[in-house]
Amino acid sequence: MYVMHVPLAGEEKMSEQTMPGSAIQRNRPVFPKRAVITGGMPYGNKDLHFGHIGGVFVHADVFARFLRDRIGKENVIFVSGTDCYGSPIVEHYRQVTESGDFKGDIREFVTFNHGLQKEVLDSYNIGINIFAASGLGRSGEIHDELSKELFKTLYKNGHLVKLTNQQFYDPKVKVFLNGRQVVGRCPIPGCASEKGYADECSLGHPYEPKELINPKSTLSGEVPEMRNVSNWYIDLVKFKPQLEKWLKTLYDVPGCRGFMVSAIQEFLEPPTIHVKLDQLDALDAVKDQLPEHKRKEGKNKTIPLIFDSLETREIASSLLAKHSIRCRNGKTLVPFRLTGNVEWSIPCPDIEGLTGLTFWVWPESLWAPISFTATYLERQGNQRDDWKKWWCSKDAQVYQFIGEDNIYFYSLAEMSMFMGDQGKEFRFDPEEGQLQLPRLIANNHILFFDKKASSSGKLKPPMARELLNYYTAEQLRVHFFALGLGIRSVGFQPKPLNPAAQKKDADPVLKDGNLLCNVFNRAIRSCFYTAQKYHEGRIPVGEVSQDILDESNSAILNYEEAMYKHEFHQASAIVDNFIRSMNKRWDEKMRSISQSANQSNDEKVRTQTVVDGFHMLRVAAVLMHPVVPVGTGMILEYLNMGEEFWNWDRIFDPIYKFMDNPASHQLKFLEPRVDFFKKHPSQLQTG
């Protein structure tokens, strides 16, 4: 028997249940009363590529649609939006205006790209409640206000520090350089990024600007200087004890990604310097001059030197550099920068003589989903601060879908800022009315064939709208959902974009799509055509066979548990097996009828097969509804039933419960060869 875990925030205990009409007895997982789902925010300098859709948005959308069916659509808000600010946008805008590819100011540039992104999301049936923009329209106004409020609160609570660090400066053009106006190589060991920028690489690894290897200015091509600049930081180090407690709770969160926990743990390690083994003699010569530290046997040809604080590590690092000893800093918690001097951004409040600063894009993008929630609720006639009922209540849960590159920001930085909002004292399990810590659902990289594609790298990813020239949105949705990105990085291998593909080769993308276009279509049509031919277009009234009930209820419960744990590949496999079983059972029964000489018995077998078939069709349609809403919506149309059909409060009800009069309920007539899940025209042309 499945034993339910201890409930988390926003959850309640539920008593053991026996499934109607079945001997199956289980404790079912309990979902929050209200939920916010957030999808990753694409930068406002480009259209969406396949990774945006296949790596984040499809998974977030399927889960949001499932929760709408499970807890009621009025209790679910799915938000995302264009990330309008940041140096990548400023730099790209500079390039396209200089080349003559775009005419207009930077706001018009971002507005144009925001429109492109919204078009693509609509074309993939991403059912988002609001796709806002952090710097445009009403959502931009609310985001500006909320950003300043949160900054002032963090300052008042004593969590901000003013630090003076070095920033790149191009003496040839006489300007400080923003993040994307400096290009070099990432200093993080083992990083596969092709480009390092001022303080993070193209894979999102943060570091100090002075650590960037071989920096060059994109404005002049010259090596930039380092000059002192003061900014505001949130001191992540003081949050470490609570972050460690929070991390321990993640081990008990159902379906929490192991690779995400490991990535968080790395940054909670003490300040460390890794010295190359071939530098051992030089290290021994200065070891007595180093601050107090621990020395461990190294891995990967390094000797780790572990320090008690960032300050002592900095002293040691300077000493080693002075003696030309090759080394690198390990991952650890460091102050997280909140401000910068990029003009295209939200102005930061002037405090303690620091004026003219703007918000750095990363921190403000972390609280942007709150701004978007507030904007959506305001549109619905609610008060501006009603967002707190969704983000500050233990009855609610925020689920944030992110890519693995962004784990550091959403876990350590975001959780610290949210805890810092509580007051001078804070804890990882906040009280009612305070910002609750979101649930993070991280996906591994979705590769292009066997490599990571990047808009800023050599291997460019295909654009999401381009894929719709070869596949339908629902074929792609079911394929992306089944990839298993929660376990490992997986290659997206579309045959039409594979120059090495042979005509006889199968298309990996269509493997999952064929479940819809071939197997499920056939099963649905079989039910409808048989009802039209033998039962006057009605579903015959009868008791569902016990084995069908048991198989259906088992699929429902297993699917529900998989969705609760965010094991989406498992949920996909459960429905796949169920639909194939539905088709197989139908074929076996109809084959037995064709081989039988007992006409009276044949009629009973056929009628029971139709009763059982429509029950399995109902279950399959409800389970697939979040994944392929258009095709399943067509099923509902031909069943001639209402939206209550999707309600999980009635998931175990037989199909007759959705009819006013089961004996006379008329199905919509299904013409020959109608497809509920259509193939792409290009697939029809090639057979």
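We number each residue from 1, following the sequence as shown.
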Engineer: Please, which pairs that meet ring pair (Phe, Tyr, Trp, His ring centres under 6.0 Å) have at least one residue in residues 313-333, sequence neighbours excluded?
Structural biologist: none
Engineer: So His92 and Phe109, would you call those rings parallel, tilted or perpendicular, with 30° and 60° as cut-offs?
Structural biologist: perpendicular
Engineer: Could you go step by step and tell me if Arg257 and Glu404 meet the salt bridge (Lys or Arg N to Asp or Glu O under 4.0 Å) rule?
Structural biologist: CA-CA 10 Å; Arg257 316 290 205 228; Glu404 66 172 291; over 6 Å; no
Engineer: Would you say the side chains of Glu364 and Ser147 form a donor-acceptor pair under 3.5 Å?
Structural biologist: no
Engineer: Would Arg384 and Glu149 satisfy salt bridge (Lys or Arg N to Asp or Glu O under 4.0 Å), going step by step from the backbone distance to the final call?
Structural biologist: CA-CA 13 Å; Arg384 179 192 178 281; Glu149 289 172 12; 3.4 Å; yes
Engineer: Among Phe267, Trp360, Tyr233, which one satisfies ring-ring contact (aromatic ring centres under 6.0 Å, His included) with Phe336?
Structural biologist: Trp360
Engineer: Any chance you could measure Ile53, atom CD1, to Leu121, atom CG, to the nearest 0.5 Å?
Structural biologist: 5.0 Å
Engineer: If you look only at pairs with a residue in residues 343-357, which of them pass as a side chain to side chain donor-acceptor pair (under 3.5 Å), with sequence neighbours excluded?
Structural biologist: Tyr155-Glu352
Engineer: Going by the rule salt bridge (Lys or Arg N to Asp or Glu O under 4.0 Å), which residues pair with Lys156 if we only count those two or more places apart in sequence or in a different chain?
Structural biologist: none
Engineer: When the ring planes of Phe307 and His293 are compared, do they come out parallel, tilted or perpendicular, using 30° and 60° as the limits?
Structural biologist: tilted
Engineer: Just by distance, no angles: are the side chains of Asp421 and His159 close enough, under 3.5 Å, to form a donor-acceptor pair?
Structural biologist: no
Engineer: On the 0 to 90° scale, with breaks at 30° and 60°, tag the Phe176-Tyr169 ring pair as parallel, tilted or perpendicular.
Structural biologist: perpendicular
Engineer: Can you list the residues that meet the side chain to side chain contact (heavy atoms under 4.5 Å, CB included) rule with Thr339, with sequence neighbours excluded?
Structural biologist: Phe151, Asn231, Trp232, Cys348, Leu357
Engineer: For Phe131 and Phe57, take the angle between the two ring planes, folded into 0 to 90°, and tell me which bin it lands in: parallel under 30, tilted 30 to 60, perpendicular over 60.
Structural biologist: perpendicular
Engineer: Below 30° counts as parallel, above 60° as perpendicular, anything between as tilted: where do the rings of Phe492 and Phe448 land?
Structural biologist: tilted
Engineer: Any pair with a residue in residues 234-248 that passes salt bridge (charged side-chain N to carboxylate O under 4.0 Å, His left out), sequence neighbours left out, goes on the list, sorted by first then second residue, please.
Structural biologist: none
Engineer: Show every salt bridge (charged side-chain N to carboxylate O under 4.0 Å, His left out) that has at least one partner inside residues 305-325, sequence neighbours left out.
Structural biologist: Lys210-Glu314
